[in-house]
Amino acid sequence: MRRAIIVGTGSHLPEGVLTNADFEQMVDTSDKWIVERTGVRERHILTDEKLATSDMATAASAHALEMANMQPTDLDCIILATVTADMTCPSGAVRVQQKLGANNAFAFDVSAACAGSLLGLDIGATLIESGRIRNALVIGAESISRIVNYQDRNTCVLFGDAAGAMVLRAADETTRGVLAVVTHTDGRQWELIHVPAGGSALPGKKVTDPTLFTVHMSGREVFKFAVRALADLSHELMRRCQLVNTDIHWVVPHQANRRILEALSQKLAIPLERFIINIEHTGNTSSASVPMALDQGVRDGRIRQGEAVLMLAIGSGMAWSGAIVRW
Ligand code: UT7
């Protein structure tokens with residue numbers, strides 16, 4: 001059976017750091033509120049204005065290729081999940097292709113916000129299973145700081161910048177690899193998280209209010225939606241793979257809010273110790289979040305061969321995506 005297996009992971013965090021103490025100077029907030037309500041203590045920020053999302057994506061990809069023991073020219077396809085590409089056109093993926101020198105790969109972006117990297121995994125694995133390609137690079141990378149309103153305490157304390165990458169390779173496998181991937185969308189909920197300006201509905205040249213280029217979010221509604229949708233998605237994935245909660249060794253979730261993960265842990269009856277959580281030091285890094293947490297779990301030796309890993313992400317759309325991978 002032709003399967004996609006993840007043979008390399010990598011991540012990159014930019015050097016700049018904003019702590020909760022920094023936010024106490026910027027907006028009406030407190031370290032106590034942020035830690036209790038979100039679990040975040042610090043987040044990394046791409047402060048160098050000469051750098052953009054493709055630079056972080058390229059750095060994470062180089063680490064993932066090194067782990068996979070592959071050259072950039074081995075890649076057939078590059079999928080970059082991002083809502084903060086370097087520019088509107090061309091795609092961010094073509095900049096990554098150029099910077100890596102991955103000249104044999106076709107390259108494109110997917111736009112599904114926080115769910116984007118798992119949608120990318122869905123597409124990459126499907127291309128491999130179909131026989132169309134052998135090797136794919138799937139990246140989630142975001143410079144969310146560049147679209148955050150640092151005067152809006154409801155959103156600015158939540159987000160950070162980062163990149164995470166996964167290298168997929170075709171293999172004849174019956175047990176290992178991507179066992180199932182599922183993606184859902186509910187476009188009726190599009191207003192819950194959106195950036196109003198900069199697209200064709202409200203082009204930049206017509207906008208005088210800069211806050212329209214920043215993230216608008218109805219946090220409480222998103223929170224409730226996320227817990228319900230991610231629990232249902234987990235059950236759907238486990239049913240497809242004929243697994244139950246005790247078969248899942250690791251949950252690698254999108255890191256949007258520690259309380260969402262606590263609620264999910266209760267609903268799934270999977271202890272929080274089996275969740276790979278890094279939100280304390282990264283904040284919500286949108287599409288980078290899951291591949292970055294996966295990379296940490298692989299590199300620190302928590303995720304080992306033969307183990308079942310449940311990956312979950314949700315965000316603007318609303319779009320939510322998940323996968324079960326046998327390592
Ligand atoms: O990655 C995409 C998916 N995104 C998510 O999953 C985000 C999901 N939502 C959340 O994580 C939470 O809803 C937030 C962290 C965004 C907000 O937490 P909450 O407990 O849902 O707070 P809330 O929005 O219900 O607001 C409660 C209070 C409000 O004050 P009043 O109206 O009760 O006086 C807010 O103005 O907390 C206030 N508040 C803050 N206070 C201090 C909101 N942000 C802050 C802040 N510091 N930074």
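Keep in mind the model is a prediction, meaning the values are calculated, not measured. Along the sequence shown, residues carry numbers from 1.
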Flag if over 12 foreign heavy atoms under 6.0 Å of CG, D300: yes
Donor + acceptor pair across side chains of S54, D86 (<3.5 Å): yes
Donor-acceptor under 3.5 Å (T285 side chain, G160 main chain): no
Between F225 and W320, ring centroids under 6.0 Å: yes
Shortest non-hydrogen separation from I270 to S265 and the atoms involved: O-OG, 2.7 Å
T53/S143 under side chain to side chain donor-acceptor pair (under 3.5 Å): CA gap, chis, key distance, verdict: CA-CA 6 Å; T53 296; S143 314; 2.6 Å; yes
Side-chain donor or acceptor of E307 paired with backbone N/O of R304 under 3.5 Å: yes
Side chain to side chain, I79 and V110, heavy atoms closer than 4.5 Å: yes
Any side-chain donor near an acceptor of the partner, N104 and T73, under 3.5 Å: no
R37 backbone acceptor or donor facing R258 side chain under 3.5 Å: no
Other residues, nucleotides, ligands: >12 heavy atoms within 6.0 Å of E221 CD: yes
Sidechain N-carboxylate O distance under 4.0 Å for D76, R134: no
Pair R228 + D232: basic N to acidic O under 4.0 Å: no
S130 side-chain N/O to L127 backbone N/O, donor-acceptor pair under 3.5 Å: yes
Residue pair E191 / H216, side-chain donor-acceptor N/O under 3.5 Å: no
D109 (side chain) donor-acceptor with A93 (main chain) under 3.5 angstrom: yes
T19, N20, D22 screened by side-chain hydrogen bond (donor to acceptor under 3.5 Å, both in side chains) with R43, the one that passes: N20
Any side-chain donor near an acceptor of the partner, S289 and Q255, under 3.5 Å: no
Verdict with supporting geometry, I5 and V178, side-chain contact (heavy atoms from CB on, under 4.5 Å): CA-CA 6 Å; I5 55 174; V178 179; over 6 Å; no
Selection residues 155-176 - residue pairs positive for side-chain hydrogen bond (donor to acceptor under 3.5 Å, both in side chains), sequence neighbours left out: S145-D161, D152-T155, E173-R176
CZ/R2: more than 12 non-hydrogen atoms of other groups inside 6.0 Å: yes
Side chain to side chain donor-acceptor pair (under 3.5 Å) between S287 and E142, worked out: CA-CA 7 Å; S287 67; E142 304 283 10; 3.0 Å; yes
Donor-acceptor under 3.5 Å (S234 side chain, L230 main chain): yes
N135 side chain to D74 backbone, donor-acceptor under 3.5 Å: yes
Q151 CD: over 12 foreign heavy atoms closer than 6.0 Å: no
